[in-house]
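Okay, structure first, notes after.
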There are 2 protein chains.
Amino acid sequence: MARNSTRPTSRDVARAAGVSQAAVSLVFGDKWRGRVSETTAERVRAAARRLGYRPNLAARNLRLGRTRTVLLVVPALTTEFFGGVYTGAARVAAEHGFGLVLYPSPEGVGPARDPFPSARAALDGVIASSMAAEALTALRGDELPLVMLDSDPQGSPGATTVNLDIAAGMRAVAGHLLGLGHRRFLHLAADVPSWTFEVRARELAAHLGGIPGAELRTARAPLSIEGAVAAARTALTAPGPRPTALVCDDDLLAAGACKAARRLGLRVPEDLSVTGVDDLGLASALEPELTTVRLDAELFGERGMQALLAVLEGRPPAVGDIPVELVVRGSTAPPGAAGNEGGHTP
Amino acid sequence: MARNSTRPTSRDVARAAGVSQAAVSLVFGDKWRGRVSETTAERVRAAARRLGYRPNLAARNLRLGRTRTVLLVVPALTTEFFGGVYTGAARVAAEHGFGLVLYPSPEGVGPARDPFPSARAALDGVIASSMAAEALTALRGDELPLVMLDSDPQGSPGATTVNLDIAAGMRAVAGHLLGLGHRRFLHLAADVPSWTFEVRARELAAHLGGIPGAELRTARAPLSIEGAVAAARTALTAPGPRPTALVCDDDLLAAGACKAARRLGLRVPEDLSVTGVDDLGLASALEPELTTVRLDAELFGERGMQALLAVLEGRPPAVGDIPVELVVRGSTAPPGAAGNEGGHTP
DNA sequence: CTCGTAGAGTGTTACGTATAACGTGACCCC
DNA sequence: GGGGTCACGTTATACGTAACACTCTACGAG
């Protein structure tokens, strides 16, 4: 069994089946209907099976000039959010015969290094989160169709944008907290340069800043629980009247904020209402469970992939932001709502 | 500027620089030292820059028969753990000029569908988590070098295995809880067919089952917070004496278990000690913070990639499991430790 | 003066596939 | 019975690159 270690090619299959290489190609492509008889096709398939033939995809890609494979560029996978985006995008991709590979831009790797030494070999297009901006500079040179997720529609010339209606989410948060009676707000903002966080800040400013008697301060934290703990501690112990509501850009930040509040002896929500964004599993595991803006990550991924497929096929991509939903849970309450607890008002 | 829309090739660059295509190839490969003069090389590079030339990687891959790209197959990205694995593996890969793409096996997608329509075009090897077993069946046909993460060393013929020393972690948990005085244990096991979870169960049985007077029960839950809530509720309300310590296969399960305990009016750790595995961000965001077995995901990824590189280069891969660390936090205490709380013993 | 060697390149071929262009019988219809 | 489809294939070529096998000049050693 000194079989040659090199893999069989379509020519080998052709020889074994007694047909031409072209016929094998036709059978393994999918346009052999009316060109090759069913019996011949089956003979080819049998020979291929016998030899263990698998088409050489590098050769196919070279020949076709396209690959039916798409790259999804996301920031570091520190939460399950982008896992959901991937799942949704991959589902739509699979329905259209496309493959999807994921490129998480590594933390702390600068834009200088080429992130895709060779993987780029097989890409028809790219979907990229605006939070992974650094990795994108390396893609500028390739003129691949590009869909940007959560990115400034005006700021990405030549790219299609697909966005969550995060502005509506922040308006809902503002409305919810105002309705509960809060007036002193702290915005715990993600210290990440990304359009989606700019929108959150802008929207909060517009809908809390304009209210008579309302006050909005801002603190910044890196996008991690530990970072949020530190930033929230600093902000909550700052001089002046303490805020009664803490609006966080993200559930991770909210989790850190809750932890910091606990350490400072503040009760959530009696002394401090806290909100997040994302609705991670974390949000409902916390005590109290987190009021948050639920983002449908899978739908986000689906819409992103649909937009890219539209671009690839020359169709106009669908427009319209993806709706989000405010989920009210236990971490928000009227300010000073300790009454039902038994007079713990100092 | 009616430029031809097709991208420039090495031949175009050669023409523009007044050299042969072979010379361009030599310059863009990296073995032109002693074959092409520095001045000529610079002329080639200048022409390439002017034309916006980028090597066609599909052609290169076809010609070379290898790609310096590796695939990492992981289960659905429901926690940040595999993000860490990716980060570590990608770092090592980059140091060796390799690229790394990530393939999360989509939830609920059976093994029938080919998960890599075309991405497989450019793969030199595969690193796969044993938890993503389903996706692996589709890879059987390709005879790619394979490194398995957290997989039975005996059960994967032809594959190299890299494992966390999860057995030591479970022994540490058992020792910790026994030392605190616990004797009635419940193991909340992940209902996922994977070697790593089998090891946890086996190790717990060996080190808790053998103790005189000790009792170990087992409940199973899908690997999610919601699943754990339901399973823990059922197990904790079962007839018979309630366990005092709940050993969970994973932090997600532990988070769900804590939530279920709270809903049943049980306090953690006074009425029930809870432990997890992973040390996710979640673990330290919970109240109380979770005692857990910390797994170094990045190191795991690094070692996996190093093993694959060794296989690719014909070197023997390093052996030895990766150490883990028990992190004791607030979710474990001696059984019935409610004394300092003020006599809440019913 | 001849030989060997190193430097600086070039011509050609092969990687494995997909497809346009080209037969070739057979059948059918007027 | 001639021409027009059809059904079923084959031949030949191109995709863009890397590498083998050359050529040619210069130069120092023997």
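Owing to the predicted nature of the structure, the values given are computational and were not obtained by experimental measurement. Labels below follow one simple rule: chain letters A, B, ... track the order of the sequence lines, proteins then strands, and each chain is numbered from 1.
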* To do: List the steps, then state whether side chain to side chain donor-acceptor pair (under 3.5 Å) holds for A/Thr67 with A/Asn61.
  => CA-CA 5 Å; A/Thr67 64; A/Asn61 289 343; 5.2 Å; no
* Value rounded to 0.5 Å, distance of CG in B/Asn56 from CG in A/Leu62 -> 6.0 Å
* Structure fact -> Residues at least two apart in sequence or cross-chain that pass ring pair (Phe, Tyr, Trp, His ring centres under 6.0 Å) with B/Phe28, listed by chain then number, are B/Tyr53
* Asked: 5'-most contact on DNA chain D: B/Pro55 or B/Arg35, nearest heavy atom basis?
  -> B/Pro55
Can you tabulate the close N/O pairs, meaning under 3.5 Å, that link protein atoms to atoms of nucleotides 25-27 of chain D?
none

* To do: Measure from CG on B/Asp12 to P on D/dC15 and round the result to the nearest Å.
  => 11 Å
* **Along DNA chain C (nearest heavy atom to each residue), the more 5'-positioned of A/Leu64 and B/Thr40** => B/Thr40
* Structure fact -> For A/Ala41, the side-chain contact (heavy atoms from CB on, under 4.5 Å) test, sequence neighbours excluded, returns A/Val27, A/Trp32, A/Val36, A/Arg45
* On the 0 to 90° scale, with breaks at 30° and 60°, tag the A/Tyr103-B/Tyr86 ring pair as parallel, tilted or perpendicular. => perpendicular
* Comparing B/Ala41 and B/Ala59 on DNA chain C - which has the more 5′ nearest nucleotide -> B/Ala41
* In whole angstroms, how far is the P atom of D/dC8 from the CZ atom of A/Arg43? -> 13 Å
* Asked: What are the two closest heavy atoms between A/Ala159 and A/Met148, and how far apart are they?
  -> CB-CG, 3.8 Å
Show every donor-acceptor pair shorter than 3.5 Å between a side-chain atom in residues 308-315 of chain B and any protein atom, with sequence neighbours excluded, or say none if there are none.
residue	atom	partner	partner atom	Å
B/Glu313	OE1	B/Arg315	NE	3.0
B/Glu313	OE1	B/Arg315	NH2	2.9

* What is the nucleic acid contact for A/Leu62, judged by heavy atoms within less than 4.0 Å: base, sugar-phosphate only, or nothing? -> base
* To do: Would you mind reading off the distance between B/Arg54 atom CZ and D/dT17 atom C1', rounded to a whole angstrom?
  => 17 Å
* Asked: Going by heavy atoms closer than 4.0 Å, what residues in residues 17-30 of chain A are next to DNA chain C?
  -> A/Gln21, A/Ala22, A/Ser25
* Structure fact -> A/Ala318 meets the side-chain contact (heavy atoms from CB on, under 4.5 Å) criterion, sequence neighbours left out, with none
* **Overall bend - the helix from C/dC1-D/dG30 to C/dC30-D/dG1, comparing terminal axes fitted on five pairs, nearest 10 degrees** => 50°
* For residues B/Leu51 and B/Val13, determine if any side-chain heavy atom of one lies less than 4.5 Å from a side-chain heavy atom of the other. => yes
* Run through A/Asp150, A/Leu164, A/Asp152 and flag the one making a side-chain contact (heavy atoms from CB on, under 4.5 Å) with A/Thr196. => A/Asp150
* Those residues that, when tested against A/Leu299, pass side-chain contact (heavy atoms from CB on, under 4.5 Å) (two or more places apart) -> A/Asp296, A/Glu302, A/Arg303, A/Ile322
* To do: Measure from CZ on B/Arg66 to C1' on D/dT17 and round the result to the nearest Å.
  => 13 Å
* What is the distance from CG of A/Asn56 to C1' of D/dT17, rounded to the nearest Å? -> 14 Å
* Results of side chain to side chain donor-acceptor pair (under 3.5 Å) for A/Thr9 - residues two or more places apart only -> none
* What integer distance in Å separates A/Glu42:CD from D/dC8:C1'? -> 17 Å
* Taking only residues two or more places apart in sequence or in another chain, which ones pass side-chain contact (heavy atoms from CB on, under 4.5 Å) with A/Arg35? -> A/Leu26
* To do: Report the residues that fulfil side chain to side chain donor-acceptor pair (under 3.5 Å) with B/Gln154, sequence neighbours left out, ordered by chain and then residue number.
  => none
* **Interface limits on DNA chain C, where chain A has a heavy atom under 4.0 Å of a nucleotide atom** => C/dG16 to C/dA21
